[in-house]
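Accompanying notes for the structure given below.
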Amino acid sequence: MSRPVRVRFAPSPTGYLHVGGARTALYNYLFAKKNNGKFILRIEDTDEARSTVESLKMVISDLKWLGLNWDEGPHPETLEDMGPHGPYKQSQRLSIYKKYADELLKKGQAYYCFLTDEEIEVQRQAAMAAGKSHHVNSPYQDWSLDQALAKIKEGGQAVVRFKTKHLKKDYILKDLVRGEVRFPSDMVGDFVLLRSGGMPVYNFCCAVDDHLMQISHVFRAEEHLPNSLRQMMIYEGLGWALPEFGHISLILDEDRQKLSKRKGATSCHQFQEEGYLPEALKNFIALLGWSHPEEKEIMTMEEMIQGFSVDRLNPSGAVFDGVKLKWMNAQHLRALPDEEIWKLLQPFCKKADLILPTDKAWAVQSIQTFKSYMETLQDTVEFYKPLDDSKFQIYDEAKEVLGWEQTKLVLQTWKQLLSEMTVANLSEADFLKTQDLVKEKAAVKGKNLFMPIRVAVIGKPHGAELKILVPLIDRKSLIARVDKVIAAL
RNA sequence: GUUCCCAUCGUCUAGCGGCCUAGGACACCUCCCUUUCACGGAGGAUACAGGGGUUCAAAUCCCCUUGGGAACGCCA
């Protein structure tokens with residue numbers, strides 16, 4: 001209990017950060033912060049075929065976007081190791097793994113195995129046919145180390161396997177979220193520690209690093225549960241004390257399968273591009289498998305940290321509901337100060353080639369106008385499009401309004417009034433006055449009056465209140481729009 | 001197939017033996033606000049997978065069944 005809290009997030013860099021990984025990182029982060037511990041980022045890049053520096057940068061950029069800052073690990077900018085337990089990239093720790101593999105080899109707890117893929121496949125087929133679990137049964141497990149070394153000298157290709165046969169017992173894992181989990185030792189076969197090229201495999205590096213980096217608690221996804229048995233065996237073989245483990249439930253898709261890239265957005269980067277706020281994404285994924293003690297729904301990071309505890313982690317899987325995420329994003333977005341929203345919006349406007357006024361008063365006024373409509377930054381751009389003359393268009397949903405018999409008269413009357421004015425932009429009162437005059441002169445009222453005007457202003461019959469929308473557009477532009485709509489009648 | 005995990009409204013969840021004729025949130029429906037649409041407000045419908053125990057008392061504990069999921073790699 002006195003052990004200082006040190007947790008880690010250990011992604012393998014194979015692309016942008018997946019939301020499942022993000023949640024694992026988040027829980028580790030929250031746990032560290034809550035307990036005055038350290039949050040460590042370790043890079044599991046021992047799969048040479050899949051790991052790239054580009055991918056590492058992607059993962060790091062997502063982590064940075066989320067604001068999950070780590071105390072030890074690759075530096076967020078330079079990628080250079082920071083912290084006393086480096087290197088933090090497993091590909092740079094090869095000699096360390098080799099050393100412990102040798103130790104296990106010498107103690108007879110691991111052995112060189114010369115089985116080929118083909119031979120293993122034959123075993124597997126036979127086991128399948130017999131309806132048994134297919135674990136490798138290596139004829140080399142009882143070879144002496146010298147015997148194996150001699151064969152290697154002759155050019156033999158060998159992997160190092162952990163010997164499990166003699167381990168006849170149940171391993172009990174006291175899981176922080178699942179309680180006692182009992183694994184029969186024969187649940188796994190002799191698993192690989194070192195590949196034939198000498199590159200270590202996940203379960204081995206993970207155990208070695210967690211121990212060496214003095215990790216106190218391991219929170220990871222449920223899919224790793226069976227790996228825990230292998231890692232427990234390694235810890236036992238090396239005579240090390242186990243860290244605490246907590247296996248978090250899986251995030252599922254609509255079909256209740258493990259959320260995969262094949263179905264919709266799954267990477268943090270995608271959500272960023274779609275205009276989600278990191279605060280909202282974190283809030284949402286935090287609630288997928290955890291709940292605040294006071295059942296808070298919309299939370300700040302600080303509230304999550306304060307309310308976080310392992311016993312509120314839910315062991316059952318959670319379906320990722322994009323609709324709720326959107327709602328949550330809207331809540332966070334609308335809670336932001338107007339200037340802040342405007343600032344966040346700029347990259348999205350730029351991407352859409354929107355040319356908008358730059359003065360602050362206009363910006364704030366426009367944000368207030370659209371605030372109650374905003375869900376993501378990306379879709380907020382849609383509300384701004386009609387405000388850019390070059391992007392003004394008449395939407396299909398306006399067709400019905402254009403077909404009304406009074407529409408032409410209303411628009412012509414309004415245009416006439418606008419033309420007679422001299423102000424650059426109408427004020428709210430100005431607009432209301434013109435609307436009343438149109439009502440009077442054209443003798444049209446109700447939706448037959450304001451719907452055509454709305455279509456002339458934004459190209460569609462639904463949207464924010466006209467009296468606040470109109471002042472955002474200059475008068476000349478308004479006239480040009482009316483002309484366009486009249487021409488389309 | 002084998003092993004392990006899981007099981008409350010459609011979804012996320014609260015609930016850790018009596019406060020539960022099961023609470024909240026998203027979504028849905030109705031109404032109010034509103035000369036549109038949103039926002040907001042007020043209501044509504046909807047769940048303890050099934051069966052056995054244990055107990056005075058079970059959504060809560062145990063067992064079985066069923067259903068779902070994951071893992072069984074020289075991936076992580």
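Residue numbers begin at 1 in each chain, while the letters A, B, ... track the order of the sequences.
A:Thr46 comes within 4.0 angstrom of sugar-phosphate atoms only, judged by non-hydrogen atoms across all strands, and of no base. Residue A:Glu44 is classed as a sugar-phosphate contact, given heavy-atom separations below 4.0 Å to backbone atoms only.
A side-chain donor from one of A:Arg220 and A:Ser228 sits under 3.5 Å from a side-chain acceptor of the other.
Remark: the separation of the P atoms in B:C20 and B:G1 is 44 Å, to the nearest Å. Separating the C1' atom of B:G41 from that of B:U34 is a span of 13 Å, rounded to the nearest Å. B:C63 and B:A7 have their P atoms separated by 13 Å, with the value rounded to a whole Å. With P as the reference atom, B:C56 and B:G51 are 22 Å apart, rounded to whole Å.
Between the side chain of A:Asn227 and the base of B:A71, no donor-acceptor pair of N or O atoms lies under 3.5 Å. The base of B:A38 is paired with the side chain of A:Ser372 by a donor and an acceptor separated by under 3.5 Å. Contact annotation: side chain of A:Lys324 to base of B:A25, donor-acceptor pair present below 3.5 Å.
Nucleotides of RNA chain B nearest to A:Asp311 and A:Arg256 differ in position, and the one nearer the 5' end is that of A:Asp311. In terms of position on RNA chain B, the residue among A:Gly317 and A:His462 whose nearest nucleotide sits closer to the 5' end is A:Gly317.
In this model, the phosphate group of B:A14 is approached by a side-chain N or O of A:Ser291 to a distance below 4.0 Å at OP1 or OP2. The phosphate of B:A71 (OP1 or OP2) has a side-chain N or O of A:Lys258 nearer than 4.0 angstrom.
If you measure from atom CZ of A:Phe284 to atom P of B:U13, you get 9 Å, rounded to the nearest angstrom.
Seen from the ring of A:Phe114, A:Lys151 counts as a face-on cation partner, given the 6.0 Å and 45° thresholds.
In this structure the side chain of A:Gln231 reaches within 4.5 angstrom of the side chain of A:Cys206, judged on heavy atoms. Counting heavy atoms from C-beta outward, A:Tyr202 and A:Val192 have side chains that stay 4.5 Å or more apart.
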